[in-house]
Amino acid sequence: MSQSKVTMEVGNDGVAVITISNPPVNALAIPIIDGLKEKFAEATRRNDVKAIVLTGKGGRFSGGFDINVFTKVHGTGDVSIMPDVSVDLVTNAVEDCKKPVVAAVEGLALGGGLEFAMGCHARIAAPRTQLGLPELSLGVIPGFGALTGFLCYGSFKGTQRLPRLVGLSKAIEMMLSSKPIMSEEGKKLGLIDALVPSKELLKVSCAWALDMAERRKPWLRSLHRTDKIGSLSEAREVLRMARLQAKKTAPNLPQHQEAKVFKEIVLSDTSRGLVHVFLAQRATSKVPNVTDVGLKPRQVKKVAIIGGGLMGSGIATALIVNNIFVVLKEVNSEYLLKGIKTVEANVRGLANRGKITKDKAEKALSMLKGVLDYSEFKDVDMVIEAVIENVALKQKIFSEIEKACPPHCILATNTSTIDLNLIGEKMNSQDRLIGAHFFSPAHLMPLLEIVRTQKTSPQIILDLMTVGKVIKKVPVVVGNCTGFAVNRTFFPYTQGSHLLVNLGVDAYRIDRVICNFGFPLGPFQLQDLAGYGVAFAVGQEYAKAFSDRIFKSPLLELLVKEGRNGKNNGKGYYIYEKGSKPKPDPSVLSIIEESRRLTNVMPGGKPISVTDREVLEMILFPVVNEACRVLDEGVVVRASDLDVASVLGMSFPSY
């Protein structure tokens, strides 16, 4: 029997409490929507009901519209499956109800859940409740009437709820970012009318509803509010800026106009892609023979990191801001001081951007300790090695830490490319060896690629997955091979771009084509950003592992000979100056010409003629082919894991 239902209880005070019950997040599935219409109709009809309170069971209001309906629509192409909820339910049943309706909100009110709450005449919330409109991240617009038309190229339809409750700028920010705010902020903005402890939520909401019924509190419809709406000229300027921002952050996302196109948008490729990624991300937490064998994760309280460079300091930042003690080891005091200063700058940067409070920043920095030897490793729960890509150095380190650390300690490497069996060759306890591959910058990028060997124990894998979730990463478990899942899949991406340049295609055009497709950076700017040292090191590993499909380009060596090292020294394919955007460097063209002369692959010595579409395909089709090899070799559990890893690790456009 289905657990999803809508119940109604009428108390002696005349308040009807309507409760959504659809575990785990009270999603607004079609039977729930039908049940809500039915209960609202009954409550409106009954003479013994003076007011209505809407709430959710199990400490959650509602996680929004049931995303599984999208997958049914995508599978069948039948858009009629989508219910008409905006007018029928939110406007007619709730907002225009002849009796006051109060939303008692706890845990989360996301998407359709928040829009439903905004249709009520007041919103009472428990502390730390998430409020947000994540629909754009699924390639659709909020279809219950929150702020449709927010990016339309015509006029702004001033009849939606969110801008009337929080103001137009904040409403657009919430929509564009798809990130939830907390109820505390919601109260300050006016989205929430009162904040009360969880145990008093229902009692206060019922009293509030009665006060409205008896005219002791104002009975307001969101659509009738005008106090947060600025002048027409202000609104136009805000919308103009929002359109520019939307085009910049996601050039291929469709620009939407009206709620009536909601159903058409659900069938778009954009929506299919985004819904797929959303569901795929959920699936990454299920790993056969790891998460389904009754193991309990052990708590990781203290982590040692070896190497305080770009990656080590980023990983340290991610850990300390999430309350995990870090011991940072370097080879000398100069490098150690530099590493600690980088962590401090990372943490202060997060605080300055409002990601964490100043107090949390200070607490985080107090959880960091710098060391020059292994004496502090005796009680750590995990070690993460983050030194340069050098097999002999890594082997030496793992032989040393195996002796210095307690027997339960997870022994992890942040290598991006090197086969773990090589790294652990001289170890005794290879069941504790695992890859913890973070992506740069490690405190910001959301992916944690967890690399297991044939010998890695399921307990160690589960423990690292749990750490990943604690530090707000998406852990994806992959198998061991050169480059693992993401870098292995994408090594032809760099190869293809270098082959095209040597065939006579303009490097800056290639970057433009890739950015227009939806990547934040093209392959050449990405190489500048990562640094040429990394490119050389990983290139050697790929040449050894995949010699049958390597294109050897002398271009990087020629750039280094000319004193260029990408963003590190301000000169690469682009010129990098503080405070300004990277600019193409015309003097690179002579270096590229020299590379073309040495490779001699241009047919008849003349540049090839290709369309932008062909450039895109020549770079990304080999990536697709390599992904098929990765699947064929069983490097990932499921194809969708590779999709998630590509989106989160390589910024492949999710739409």
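Ion pairing between a basic and an acidic side chain is recognised when a charged N comes within 4.0 Å of a carboxylate O; Glu106 and Arg60 show no such pairing. With respect to the salt-bridge test (charged N to carboxylate O, under 4.0 angstrom), the residues Glu449 and Arg488 do not qualify. Ion pair Arg298/Asp463 flagged as a salt bridge, since at least one NZ, NE, NH1 or NH2 atom sits closer than 4.0 Å to an Asp/Glu carboxylate oxygen. With respect to the salt-bridge test (charged N to carboxylate O, under 4.0 angstrom), the residues Lys583 and Glu577 qualify.
The heavy-atom pair separating Leu372 from Glu330 by the smallest distance is CD2-O, 3.5 Å. Looking at every heavy atom in both residues, Lys57 comes nearest to Asn26 through O-ND2, 2.9 Å. Across all non-hydrogen atoms, the minimal contact from Met445 to Ser651 is CE-OG, 4.3 Å. Across all non-hydrogen atoms, the minimal contact from Val383 to Cys405 is CG2-SG, 3.4 Å. When every heavy atom of Ser205 is checked against every heavy atom of Ile124, the shortest pair comes out as OG-CB, 3.5 Å. When all heavy atoms of Leu133 and Gly111 are compared, the pair lying nearest together is CD2-O, 3.7 Å.
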Walk me through whether Arg452 and Ile460 qualify under side chain to side chain contact (heavy atoms under 4.5 Å, CB included). CA-CA 9 Å; Arg452 58 177 166 183; Ile460 294 288; over 6 Å; no
Test Glu185 against Lys188 for salt bridge (Lys or Arg N to Asp or Glu O under 4.0 Å), laying out the working first. CA-CA 5 Å; Glu185 187 181 352; Lys188 285 179 192 162; over 6 Å; no
Verdict with reasoning, Ile450 to Val476, per side chain to side chain contact (heavy atoms under 4.5 Å, CB included): CA-CA 6 Å; Ile450 295 176; Val476 177; over 6 Å; no
May I have the step-by-step check of side chain to side chain contact (heavy atoms under 4.5 Å, CB included) for Glu389 and Ile418, ending in yes or no? CA-CA 7 Å; Glu389 297 285 62; Ile418 302 168; 3.9 Å; yes
Going through the checks in order, is the side chain to side chain donor-acceptor pair (under 3.5 Å) test met by Tyr576 and Asn569? CA-CA 8 Å; Tyr576 298 85; Asn569 71 347; over 6 Å; no
Evaluate the side chain to side chain contact (heavy atoms under 4.5 Å, CB included) criterion for residues Leu54 and Val102: first the C-alpha distance (whole Å), next the side-chain angles of each, then the deciding distance (0.1 Å), finally the verdict. CA-CA 6 Å; Leu54 178 66; Val102 172; over 6 Å; no
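No donor-acceptor pair under 3.5 Å is formed between the side chain of Ser654 and the backbone N or O of Val647. Remark: the backbone N or O of Leu191 is paired with a side-chain donor or acceptor of Arg123 at under 3.5 angstrom. A donor-acceptor contact shorter than 3.5 Å is absent between the side chain of Thr129 and the backbone of Ala125. Between the side chain of Asn346 and the main chain of His443, no donor-acceptor pair closer than 3.5 Å is present. Formation of a donor-acceptor pair under 3.5 Å by the Ser62 side chain with backbone atoms of Gly64 is found in this model. In terms of modelled atom types and a separation under 3.5 Å, the side chain of Asn565 and the main chain of Asn568 share no donor-acceptor contact. Not one N or O on the side chain of Ser198 forms a donor-acceptor pair closer than 3.5 Å with the backbone of Ala126. Side-chain atoms of Thr55 come within 3.5 Å of backbone atoms of Ala104 as a donor-acceptor pair (strictly under, hydrogens ignored). With Asp511 contributing its side chain and Gln525 its backbone, the two residues share a donor-acceptor pair below 3.5 Å. Listed for the Gln527 side chain is no donor-acceptor partner under 3.5 Å among the backbone atoms of Tyr532.
In this structure, Phe652 has its ring center closer than 6.0 angstrom to the ring center of Phe517. Ring centroids of Phe65 and Phe116 are separated by 6.0 Å or more, keeping the two rings apart.
Residues Val290 and Leu295 have side chains not in contact (no heavy-atom distance under 4.5 Å, counting atoms from C-beta outward). Using a 4.5 Å heavy-atom cutoff, the side chains of Ile181 and Lys170 are in contact. Annotation: side chain of Arg432 is in contact with side chain of Cys409 (closest heavy-atom distance under 4.5 Å). Side-chain contact between Pro127 and Glu184 is present, with heavy atoms from C-beta onward closer than 4.5 Å. In this structure the side chain of Leu411 never reaches within 4.5 angstrom of the side chain of Met382, judged on heavy atoms. Two residues are said to be in side-chain contact when any heavy atoms from C-beta on lie closer than 4.5 Å; Ile340 and Tyr335 fail this criterion. Using a 4.5 Å heavy-atom cutoff, the side chains of Asp381 and Gln299 are not in contact. You'll find the side chain of Leu110 stays beyond 4.5 Å of the side chain of Leu131, heavy atoms only.
Screening residues 467-478 for salt bridge (Lys or Arg N to Asp or Glu O under 4.0 Å) gives no qualifying pairs among residues at least two apart or on separate chains. Sorted by first and then second residue, the salt bridge (Lys or Arg N to Asp or Glu O under 4.0 Å) pairs involving residues 302-326 (not counting sequence neighbours) are Lys302-Glu376, Lys302-Asp379.
No side-chain N or O of Asn414 forms a donor-acceptor pair with one of His437 less than 3.5 Å apart. Donor-acceptor pairing under 3.5 Å is recorded for the side chains of Asp373 and Ser375. Between the side chains of Asn323 and Lys363, at least one donor N or O lies within less than 3.5 Å of an accepting N or O.
To the nearest 0.5 Å, atoms OG1 (Thr466) and CD1 (Ile461) are separated by 11.5 Å. Here the CD1-CG distance, from Ile192 to Leu165, works out to 9.5 Å after rounding to the nearest 0.5 Å. Atom NZ of Lys286 and atom CE of Met465 lie 10.0 Å apart (nearest 0.5 Å). Separation of atoms CZ (Arg128) and CG (Leu195) is listed at 11.0 Å; rounding is to 0.5 Å. Once rounded to the nearest 0.5 Å, the distance linking CD1 of Ile320 with CD of Glu344 reads 9.0 Å. To the nearest 0.5 Å, atoms CZ (Phe484) and OG (Ser416) are separated by 7.0 Å.
Residues forming a salt bridge (charged side-chain N to carboxylate O under 4.0 Å, His left out) with Asp641 (at least two apart in sequence, or on another chain): Arg638.
Heavy atoms from other residues, nucleotides or ligands lying under 6.0 Å from NZ of Lys378 number more than 12. When the shell of 6.0 Å around OH of Tyr374 is examined, it contains more than 12 heavy atoms from other residues, nucleotides or ligands.
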